[in-house]
There are 2 protein chains.
Amino acid sequence: MRIPVAATSIVDAITTDLRNRLFSGELTPEVALTETEIAASYNVARPTAKAAIERLVGEGLLMRGLHKTARVAVLGPDAVRDIYLARAYLESEIVRRLAAQKLAPTGAVAANQEIANLTAGSPMDLIEPDIRFHLSLIDAVGSERVNKMYQSLMSEVRLCMTRVQSLNLLEPGLIHAEHQRILELLEAGDGEAAAQLLDDHLGRARERLVAALGGEAGPQAAIATPLLG
Amino acid sequence: MRIPVAATSIVDAITTDLRNRLFSGELTPEVALTETEIAASYNVARPTAKAAIERLVGEGLLMRGLHKTARVAVLGPDAVRDIYLARAYLESEIVRRLAAQKLAPTGAVAANQEIANLTAGSPMDLIEPDIRFHLSLIDAVGSERVNKMYQSLMSEVRLCMTRVQSLNLLEPGLIHAEHQRILELLEAGDGEAAAQLLDDHLGRARERLVAALGGEAGPQAAIATPLLG
DNA sequence: GACTCATTGATTGTCTAACAAGTGTGCACG
DNA sequence: CGTGCACACTTGTTAGACAATCAATGAGTC
């Protein structure tokens, strides 16, 4: 039994709650998300639960075929490569334009500071500020549609992350340093170098994620640029 | 009364038909898309019509607030700029990567040939092959997500086009020539030049569309590069 | 004993009917 | 002439029901 949610729309509330439960790792691809079960757990009618499920299917977080039960989307190595390719397309172009304005978004600076302040806690604590850093870059261009597209991609990244949360494929120190360097390059107006570094940055995250998911990691998994010490 | 549609799913069929009617210009932002009316016209129940409407809202083709009737989305000058900015982000990065492979997609070549073969008919006849040209470029990278994002953008572009179909803001000869030059640059491996030309190409289309929608056209509306004789 | 096919249960797709809640409009009243 | 109220319209949500389909189990056959 789940507490009754109330907001602008019941479907909205259920969708949001389900999404959070997806990101928290509570819902896995193994559990069946029956319309009736969800309806019962939220104390709503079946069509309401159905609508929430269909929205999440539209977002790519749930999968379901005709007449089949919805399940959490399974994102394999090729899906991760696809997601990060799309990320790279958007982000590398964006850093080029930000560099042209010699602009380092304050939100990104703040998010990276959070990463620097991280004590050696759970690896999961790194994910949120990391996402916020990249999201701040996108936000800085102020495009509604680019924002929406990127947010959709990051939703899927979040979903991946929850599946491999135990492995510490992320090194806060390195990530902070690379973010810092990107910000410096933005302020310096060197878009080409910033785009190149970002490509490395994303490439490494991508290949390590691929490896953690059972795929074969490409060469980008290694630390290419000697940034530290 | 509308003929009963039948396909994999009734909601799918209605969504597709509504989308086509949107692109055909039959449905305008002035007409109210009531759930009951749509349900009656397709001989289905209201929840079915509701689901179709909500899908199109999710695609950005329809707009509707809470407890308000759905209407065709109105895309003003700023929306057009936003759409074309996102297009530019995706496409310029893509031509860079295609150029690295010295690859000119056959689909794009074919689509551009169609443009060349156009007799002086309706300006609308240019839209489909033009869209197919750009879509072929995106297709060539073979990314599911990039494809979906781009297709969503082009849906909105199509919607815009139907609103200004009378004006002939597109010159087939110039468009064909620019496409041709882009393809040549791709084969030559000059990604930077191809991206630059594509930016001009999109920028001109963007500003003319903006002007046609009542906005103030930017300098990109003029023909910058002397491509033709 | 293994394989094929039919039956069963579960789940979704769709419908009918209805009530509640919100929005907007028009009319009556001050 | 302006304000407020009542009404119609529309959407949000619910309940219950039936058909179609999918997965799995069981029976029957070779």
Which pairs, protein N/O on one side and nucleotides 16-19 of chain C N/O on the other, fall under 3.5 Å?
unit_1	atom_1	unit_2	atom_2	d
C/dA18	N6	B/R46	NH2	3.2

Is the closest basic N to carboxylate O distance between [X] and [Y] below 4.0 Å?
{"X": "B/E128", "Y": "B/R158", "value": "yes"}
{"X": "B/E59", "Y": "B/R19", "value": "yes"}
{"X": "B/E91", "Y": "B/R96", "value": "no"}
{"X": "A/E171", "Y": "A/R208", "value": "yes"}

Aromatic plane relationship, A/H201 with A/H134 - under 30° parallel, 30 to 60° tilted, over 60° perpendicular: parallel

Residue-phosphate contact under 4.0 Å: A/S9 side-chain N/O, D/dT13 OP1/OP2: yes

Below 4.0 Å: OP1/OP2 of D/dT14 and any side-chain N or O of A/T48: yes

Distance-only donor-acceptor check, side chains A/E93 and B/S92, under 3.5 Å: yes

Test item: side-chain donor near acceptor, A/Y84 and A/E207, under 3.5 Å: no

Residues that B/Y89 engages under ring-ring contact (aromatic ring centres under 6.0 Å, His included), provided they are two or more places apart: none

Nearest-angstrom distance from the residue atom NZ of A/K50 to P of C/dC15: 11 Å

Closest to side chain of A/V11, choosing from C/dT14, D/dT13, D/dG12: D/dT13

Strand-adjacent residues in residues 61-70 of chain A, judged by heavy atoms under 4.0 Å from DNA chain D: A/H67, A/K68

